Amino acid sequence: MSRAEETEAPDTGVPETADTGVPAEKAARPPRANPLWALALFRSELTITLRRWRTLALLGVLALIPILIGIAVRIETSDGGGFGGGRGGEGSGPAFFPQITNNGIFLVFASLAATLPVFLPMVIGVIAGDAIAGEAGSGTLRYLLVAPAGRTRLLLAKFTTTMAFCLIATLVVALSSLVTGALLFPLGDVTLISGITVSFEEALLRALGVAALVALSLVGIATVGLFISTLTNSGIAAMATTVGLVITAQILDTIPQLHAIHPYLFPHFWLSFADLLREPVYWDELVKNLGLQGLYVAVFGSAAWARFTAKDITA
Amino acid sequence: MTTQNEGEPVEQRSTEGDDAAVETRGLTKRYRGGQLAVDALELSVPRGSVFGFLGPNGSGKTTTIRMLMGLIEPTSGRARLLGEPMPRAARSVLPRVGALIEGPALYPFLTGRDNLLRYDAADPTADPRTRAPRVAAALDRVGLAAAAGKKARAYSLGMKQRLGLAAALLQPRELLVLDEPTNGLDPQGMREIRALVRELAEEGTTVFLSSHLLDEIEQVCTHAAVMAQGRLIAQGTVAELAAGSRGRLAVTTPDPVDAVRVLKEHGVTDLVVLDERVSGELPLPGAAVDDPPLELADLNAALVRAGVRVRAFGAERASLEDAFVALTGEGFDVAG
Ligand SMILES: Nc1ncnc2c1ncn2[C@@H]1O[C@H](COP(=O)(O)OP(=O)(O)OP(=O)(O)O)[C@@H](O)[C@H]1O
Ligand SMILES: [Mg+2]
């Protein structure tokens, strides 16, 4: 799959080298461009992503999951019995499920915990994998580049959009669960994992923090997907590879013999967002998660840039 | 490079390629598979010309255009667009260049208008305040105003081609690079596009047009270059190129046998008889049997003197096609 080595252009070939200002080089300059005009590409990128039926369908599925979980829990507990009892929720059964019947806001945490391992990264993988490869495959990439979008700027626009999409996808899950939770279950003060009770308002704030953490947990795989997207001219291949990578990493993360590499797998600290629901908050793994995601962004972001700015666009 | 002419106005013509819209020096591309697609190309497209870029399939036209537009990196050699080096000056040059490369590419889920808005947004020098009117004008120019609200997936091949052209016309351009622009168009559409090209040329836009339709090049181009197997085998004005091959003489007569005899005596070669029509190649001036150049009127008189009844008589102007076949040898076969 890896075609990274095919780069044949020398590094002088980076088309975006800043103007060196050699005086004899100047000729008729294009009409004065307002630097703000360059931002149009970012807006265009985001609207074009959100206007596709595929994107809307994926977001629709994400919105549906909390509704299904909520209804299932409601039916399961409608005969009066509880959902297993214990308030810890760690180790036994899906996280946060037992608390949902008492407080609808737990549907937010339960849904995020349920979608983060597979659904969310899959959706991100589709969007990120298709970002460059899809345009290359359909040929629109060459017209963007001769517009000229500029390779660095285009990649940056794609990156920004993918990151924004991580947030949008997470917020869709969070909002759908909050609304479903409010409709199906009582709301009120929240007993945290550590046993301390906080007001509903503070719980809402923490839910927002959890959503932000989940979105940030996805930026690693999103950047990897973008890098893969620069390697091929087939959007489908890039999406499939990215999604395959998510699943592989998740499997590797469960194999105890491989514990030495676990701290470097992007999903390893994903569920650490639950630590935000403790009082005091356990920062250790949260910080490790953010650091790891940052590392993935730096490494694969640079790789994507190096690859994309030197790539021959032949499709 | 510094200019010697101190008192002169700011305009700089110091580099040789400055007045050429496209200039390449030893431009070469070898693809990863080892295929030598373009071989030491020396192209010079004068500003203001309509330049036809001819060549059989696989001769390297699109590869050249991709290098000119900075999409692929030349293996060696260099290219200048509007006097500036590519791909280094892409950011300042490309806003002044419109391009249609190997057919249009569209977002099928967007309308024609939204496709153009999208491409225009990709150009950092495009003023968002004038975007909508510019898009409307471009659509109008290619005759797509009525279909602007239709999804591009529902466009016909010719409509897509027109939309691709519209994208190249979103801004006033100094240079238009069009790779087979009439591909997929109906005869009426072809005529419209040719008219459009002429119109743009009159406005001062240099048009670089690749095609394998010889009569198309002949109809609209002032200059042409011929490629074969990645090499440039000729370039110049269309008239110069066509003059390179000799014209043919055609005589319609009920006495073809006598006509052939007389014409042969006067140095006409390659005689072909088709029913009542005799055609042959006129001798090159100076290379004739009798040294004074052959005057067509004399030839006609000679035929009549010999008792040949001439129904029609005329020289067919040498076409670019003749020149092309003469240059590429085998004509139009794809070279492996
Ligand atoms: N991406 C590629 N990788 C390898 N070889 C290629 C690639 N693209 C083109 N070629 C080869 O380079 C040569 C020139 O191709 P090119 O597309 O430039 O021809 P062309 O003159 O545009 O032909 P046509 O009239 O069919 O459009 C051909 O032999 C082709 O097989
Ligand atoms: Mg071609």
Side-chain angles (χ1 to χ4, degrees), chain A residues 3 6-10 12-20 22-45 47-48 51-54 135 137-151 153-154 157 310-315, chain B residues 1-3 11-12 14-15 18 30-32 63 66 69-75 82-110 114-115 117-128 131 164 167 170-171 174 177:
Chain A
R3 287 168 51 186
E6 80 189 16
T7 309
E8 58 183 33
T12 53
V14 176
E16 246 77 37
T17 19
D19 206 328
T20 44
V22 183
E25 212 68 88
K26 74 150 258 312
R29 287 277 152 196
R32 276 259 68 78
N34 185 327
L36 283 180
W37 295 353
L39 295 178
L41 181 61
F42 292 81
R43 220 183 54 187
S44 160
E45 205 49 65
T47 34
I48 217 170
R51 275 177 65 179
R52 295 194 69 164
W53 277 113
R54 192 186 60 199
E135 302 247 20
S138 70
T140 47
L141 181 59
R142 64 174 182 268
Y143 286 108
L144 291 178
L145 290 181
V146 303
R151 297 198 186 201
R153 187 166 70 103
L154 183 59
K311 187 189 186 185
D312 271 3
I313 308 297
T314 53
Chain B
M1 210 176 288
T2 46
T3 42
E11 187 172 73
Q12 288 172 334
S14 50
T15 38
D18 258 9
R30 189 183 287 279
Y31 280 108
R32 233 178 318 117
T63 305
R66 284 180 185 280
M69 302 302 293
L71 290 173
I72 62 179
E73 190 73 16
T75 309
L82 300 172
E84 294 191 60
M86 282 297 291
R88 207 148 60 78
R91 211 188 283 215
S92 63
V93 177
L94 291 185
R96 295 180 278 150
V97 181
L100 184 66
I101 307 157
E102 210 161 49
L106 308 168
Y107 298 90
F109 51 92
L110 294 182
D114 287 343
N115 266 283
L117 290 171
R118 160 84 170 153
Y119 284 134
D120 199 60
D123 180 355
T125 69
D127 188 346
R131 184 159 291 146
L170 283 169
Q171 301 235 52
E174 283 173 49
V177 176

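The model shown is predicted, which means the values in this text are computed figures rather than measured ones. Below, read A as the first sequence line, B as the second, and so on, with proteins coming before strands; counting in each chain starts at 1.
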Open item on the list: My understanding is that only residues two or more places apart in sequence, or in another chain, count here; which of them pass side-chain contact (heavy atoms from CB on, under 4.5 Å) with A157(A)?
Closed with: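 A157(A) satisfies side-chain contact (heavy atoms from CB on, under 4.5 Å) with L41(A), F42(A), E45(A) once adjacent residues are dropped.
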Open item on the list: Can you tell me which portion of R118(B) sits under 4.5 Å from chain A's heavy atoms? Options are side chain, backbone, both or neither.
Closed with: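 Interface part for R118(B): both.
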Task: Side chains of M69(B) and R142(A) in contact at under 4.5 Å (non-hydrogen atoms) - done: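 No. Closest side-chain heavy atoms not under 4.5 Å.
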TODO: Using the test salt bridge (charged side-chain N to carboxylate O under 4.0 Å, His left out), find all partners of R51(A) that sit at least two apart in sequence or belong to another chain.
DONE: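 Expected list: D114(B).
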Task: Distance-minimising heavy-atom pair for D123(B) and P148(A) - done: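 It is OD1-CD, 3.8 Å.
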TODO: Report the option among N115(B), L106(B), V177(B), L100(B) that has the most heavy-atom pairs separated by less than 4.5 Å from atoms of chain A.
DONE: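 Ranked by contacts with chain A, first place is L100(B).
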TODO: Just give me the residue among A99(B), G103(B), G98(B) that pairs up with chain A most often, heavy atom to heavy atom, under 4.5 Å.
DONE: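 Ranked by heavy-atom pairs under 4.5 Å with chain A, first place is G103(B).
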